[in-house]
There are 2 protein chains.
Amino acid sequence: MAAVTDLYPTRGTHEAAVPRRDPVVWPSGSGAPAPGPVDADALAGYERDGFLTVDQLITPDEVAALRAELDRLIADPAVRADERAVVEPHSQDVRSVFEVHRISEVFAELVRDPRVVGRARQILGSDVYVHQSRVNVKPGFGAAGFYWHSDFETWHAEDGLPRMRTVSVSIALTENLPTNGSLMIMPGSHRTFLGCAGVTPRDNYKRSLRMQEAGTPSDTALAELAGRHGIRLFTGPAGSATWFDCNCMHGSGDNITPFARSNVFIVFNSVDNAAEEPFAAPARRPSFIGARDVTPVR
Amino acid sequence: MAAVTDLYPTRGTHEAAVPRRDPVVWPSGSGAPAPGPVDADALAGYERDGFLTVDQLITPDEVAALRAELDRLIADPAVRADERAVVEPHSQDVRSVFEVHRISEVFAELVRDPRVVGRARQILGSDVYVHQSRVNVKPGFGAAGFYWHSDFETWHAEDGLPRMRTVSVSIALTENLPTNGSLMIMPGSHRTFLGCAGVTPRDNYKRSLRMQEAGTPSDTALAELAGRHGIRLFTGPAGSATWFDCNCMHGSGDNITPFARSNVFIVFNSVDNAAEEPFAAPARRPSFIGARDVTPVR
């Protein structure tokens, strides 16, 4: 095995921005564009902005079935006791369930759906596997958001993904409003990798699922990026979806409204970009957060 | 002096909603509508919804002058040391300055401006004085918001305002975006008084300027109000303004963007509704938070 080159250094003594060294939309092995359900304009928009939205990725009936399954999962004592469930300390409510496509056949079927995995294959130009999946329930009444971060920064530092060949989809199971802590992305920020300052503590993931610490950009870097790219807020009905590149600078505010925000979040990685050892962390994260099984989704 | 009747009981053992017992737009002493700059349609909207917006209450040049004055105030060591300044513990930045119309002649002039005080007189049907004024700087990068509350609930419980004859104006000194923690109001919520459960601790104001505690509605009450009325988010350029009734259920989310949100907040009370003793608190708040000098604005 050849020595691994770190194309995207991070968690050192200084914050440093470097240009992206990977395609955003990957060609297939033959060099031709990969086939799939995304039309050329939408794909060009994804390459330029780092995201694409789909107004109705799944139907209202499918949303209803997924919400029923989500309700079943968060009420299930076995799920609550599972290490893959994130439980809010104060209320004891389940806030997230990781690896939901292995816990629930209903969510496994969603992952295999051609509308879902087909778009991931098209963008990444290869077969894909699930690096991470989860359902999130942001219950309102003051639920905290997630501070600005690039997912790739974490997945590179803590999981060992070598290249930017990973795409996420967030599928809304409730309406995403301007007021209930919806996703914000800085369009075009995916073209710059921001290496963050600071060393990763052991078991960082236990804290960082709730609050960003290591891997957090400085105020100066965020002001510069937001000044250059602006900030786009994503709203839409249940069933709508946002696909976004692994290196988008994104975050969300808190949700003081009574309107809960639930979504399914699936991260597809190319089978040609399997996780190696972490580039900037003392140990691998658990495989329910960063998968080690690269069996392609079929 | 006659015994004071408490029309709006609060801070008892139970939360209880009662209908508003006061007009929203008050007639003048003669019974005729009070004159002023607000047209009949906008006034009817205010009566119905509890708020009205003005796209350009003050000009860009006036905004620039007020922002320069705000910058001067928050950099002034005498202001920072003043008990009327609220300083963020972590950053040591000035977050709010109370009674700003007594600290700064520039802001005093704004209060006296016919575009400002004229609207307050028209809505309240009488001469008015300033119950509270402040400038707020919400600096971004994670600045906390304010949880849902009715201002009147606090002003009645802690300052002794007997009736709902008070109007606030929030004038934007920076752009209010959908993403930077802008004001949210439940339209029509001003027609219901929500008496809150829980006793007011002594010196509650020292905590409640940062975080709501006593006077906080329950999740059940908020879900009911938001379900009935919905939630309106207020955005607009610098110089725009939102006038809102003292009993609107309102709040704001946090601001993780780098875009600071600054505004001037002025509370006008009718001279016929002067503060009495607090209805549900052990002692008066300081007069820079709840004024005792009812000299009309001229």
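Here is the naming used below: chain letters follow the sequence lines, and residue numbers restart at 1 for every chain.
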Counting heavy-atom pairs under 4.5 Å with chain B, the top scorer among A:Leu222, A:Thr179, A:Asp219 is A:Asp219
Do [X] and [Y] have side chains that get closer than 4.5 Å, going by heavy atoms?
X        : Y        : value
A:Arg285 : A:Thr154 : yes
A:Glu153 : A:Pro217 : no
A:Val267 : A:Asp151 : no
A:Gln56  : A:Glu62  : no

query = Applying a criterion of heavy atom separation less than 4.5 Å, what residues of residues 180-198 of chain A form contacts with chain B?
reply =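 Near chain B, by residue number: A:Met184.
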Please verify the inter-ring angle class for B:His156 with B:Phe152; under 30° counts as parallel, over 60° as perpendicular, anything in between as tilted.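 Geometry flag for B:Phe152 against B:His156: parallel rings.
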Going by the angle between their ring planes, with limits at 30° and 60°, are B:His131 and B:Trp155 parallel, tilted or perpendicular?
->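 Aromatic pair B:His131/B:Trp155 classed perpendicular.
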Those residues of residues 231-240 of chain B that come under 4.5 Å of chain A on a heavy-atom basis, listed by number, are B:Ile231, B:Leu233
**Request:** Enter the distance from A:Cys246:SG to A:Arg20:CZ here, rounded to the nearest 0.5 Å.
**Result:**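 If I round to the nearest 0.5 Å, the distance is 5.5 Å.
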In this structure, CG of B:Leu173 is separated from CG of B:Asn263 (nearest 0.5 Å) by 7.0 Å
In terms of heavy-atom pairs under 4.5 Å with chain A, the winner among B:Asp254, B:Leu225, B:Leu177 is B:Asp254
- request: Take atom CZ of B:Arg67 as the centre, draw a 6.0 Å sphere, and report whether it contains more than 12 heavy atoms from other residues, nucleotides or ligands.
  value: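 12 or below, so no.
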For B:Leu161, does its backbone N or O pair with a side-chain atom of B:Asp159 as donor and acceptor, under 3.5 Å?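 Such a contact is absent between B:Asp159 side chain and B:Leu161 backbone.
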